[in-house]
Amino acid sequence: MTRIKRGCIARRRRTKIRLFASSFRGAHSRLTRTITQQKIRALFSAYRDRGRQKRYFRRLWITRINAAIRGNLVYYSYNIFIHNLYKKQLLLNRKILAQIAILNRNCLSMISTEIIK
């Protein structure tokens with residue numbers, strides 16, 4: 001039986017992995033075994049951090065809205081503000097409210113006075 005070296009297929013597979021890891025430092029971009037390990041690690045970190053990013057941005061928006069509401073000298077806090085928004089059926093998400101709080105505080109104060117009425 002003749003020996004099969006799998007040269008073309010294996011080389012194609014390795015070069016595909018190397019292209020993914022070309023920006024890594026040291027042996028992580030040169031050695032095939034460490035490249036595959038780092039690829040698995042990088043893809044797992046990317047998957048995990050996509051969820052974290054959503055969480056962190058939501059926390060940031062809530063903090064910004066809360067700071068703007070308390071700085072507005074309105075007597076209530078963030079959770080009462082959001083509760084009253086839902087009661088009045090003003091459907092503004094937290095991202096938009098945070099942008100309004102930063103860019104146009106007068107508009108946020110108008111929204112809060114509308115809710116109080």
Check: Other hydrophobic cluster members with Ile102, side-chain heavy atoms of Ile/Leu/Val/Met/Phe/Trp/Tyr under 4.5 Å, chained?
Finding: Leu103
Check: Looking only at heavy atoms, what is the nearest atom pair of Ala68 and Ala101, with distance?
Finding: CB-CB, 3.5 Å
Notebook entry, point to check: In the single-linkage hydrophobic clustering (I, L, V, M, F, W, Y; side-chain heavy atoms under 4.5 Å), do Ile111 and Trp61 co-cluster?
Noted result: no
Notebook entry, point to check: Which distance, rounded to the nearest 0.5 Å, do you find between the OG1 of Thr34 and the CD of Gln37?
Noted result: 6.5 Å
Check: Which distance, rounded to the nearest 0.5 Å, do you find between the CZ of Arg18 and the OG1 of Thr36?
Finding: 10.5 Å
Check: Which atom pair, heavy atoms only, marks the closest approach of Ser112 to Ser109?
Finding: OG-O, 2.8 Å
Notebook entry, point to check: When you measure from the side chain of Arg59 to the backbone N and O of Arg55, does any donor-acceptor pair fall under 3.5 Å?
Noted result: no
Check: Transitively linked via ILVMFWY side-chain contacts under 4.5 Å: Leu108 with Leu90?
Finding: yes
Next item on the list: Go through the steps for Arg70 and Ser77 under the test side chain to side chain contact (heavy atoms under 4.5 Å, CB included), then give the verdict.
Entry: CA-CA 6 Å; Arg70 288 172 189 266; Ser77 62; 3.2 Å; yes
Next item on the list: Spell out, as yes or no, whether a donor-acceptor pair under 3.5 Å connects the side chain of Ser45 to the backbone of Ala42.
Entry: no
Margin query: Let's go through Lys88 and Glu114 carefully: what are the C-alpha distance in whole Å and the side-chain angles of both, what is the deciding distance for side chain to side chain contact (heavy atoms under 4.5 Å, CB included) to 0.1 Å, and is it a yes or a no?
Written below: CA-CA 9 Å; Lys88 293 283 186 174; Glu114 279 293 320; over 6 Å; no
Margin query: So, taking the atom named OG in Ser29 and the one named CG in Leu19, what distance separates them when rounded to the nearest 0.5 Å?
Written below: 11.5 Å
Note to self: Suppose we screen for side chain to side chain contact (heavy atoms under 4.5 Å, CB included). Which residues come up paired with Arg50, at least two apart in sequence or across chains?
What the structure shows: Ala46, Tyr47, Lys54
Check: Is the backbone of Arg58 close enough, under 3.5 Å, to the side chain of Arg94 for a donor and an acceptor to pair up by distance?
Finding: no
Notebook entry, point to check: Should side-chain heavy atoms under 4.5 Å link Ile, Leu, Val, Met, Phe, Trp and Tyr, which residues sit in the same cluster as Leu43?
Noted result: Phe20, Phe24
Check: side chain to side chain contact (heavy atoms under 4.5 Å, CB included) between Ile65 and Ile100: does it pass, once the steps are laid out?
Finding: CA-CA 9 Å; Ile65 295 167; Ile100 290 172; over 6 Å; no
Margin query: Tell me the closest heavy-atom pair linking Ile35 and Ala27, and the distance in Å.
Written below: CG1-O, 4.5 Å
Item checked: Counterpart residues, salt bridge (Lys or Arg N to Asp or Glu O under 4.0 Å), relative to Arg52 (two or more places apart) -> Asp49
Margin query: With clusters defined by side-chain heavy atoms of hydrophobic residues (ILVMFWY) lying less than 4.5 Å apart, directly or transitively, does Leu60 cluster with Phe81?
Written below: no
Next item on the list: Apply side chain to side chain contact (heavy atoms under 4.5 Å, CB included) to the pair Tyr78 and His83, showing each step before the final yes or no.
Entry: CA-CA 9 Å; Tyr78 166 79; His83 177 69; over 6 Å; no
Check: With Gln99, which residues qualify under side chain to side chain contact (heavy atoms under 4.5 Å, CB included), at least two apart?
Finding: Lys95, Ile96
Note to self: Here's a test for you: under side-chain contact (heavy atoms from CB on, under 4.5 Å), which of Leu85, Ile80, Ile82 qualifies with Ile115?
What the structure shows: Leu85
Just list the side-chain donor-acceptor pairs under 3.5 Å for residues 8-17, sequence neighbours left out, or say none.
unit_1 : atom_1 : unit_2 : atom_2 : d
Thr15  : OG1    : Arg11  : O      : 3.0
Thr15  : OG1    : Arg12  : O      : 2.9

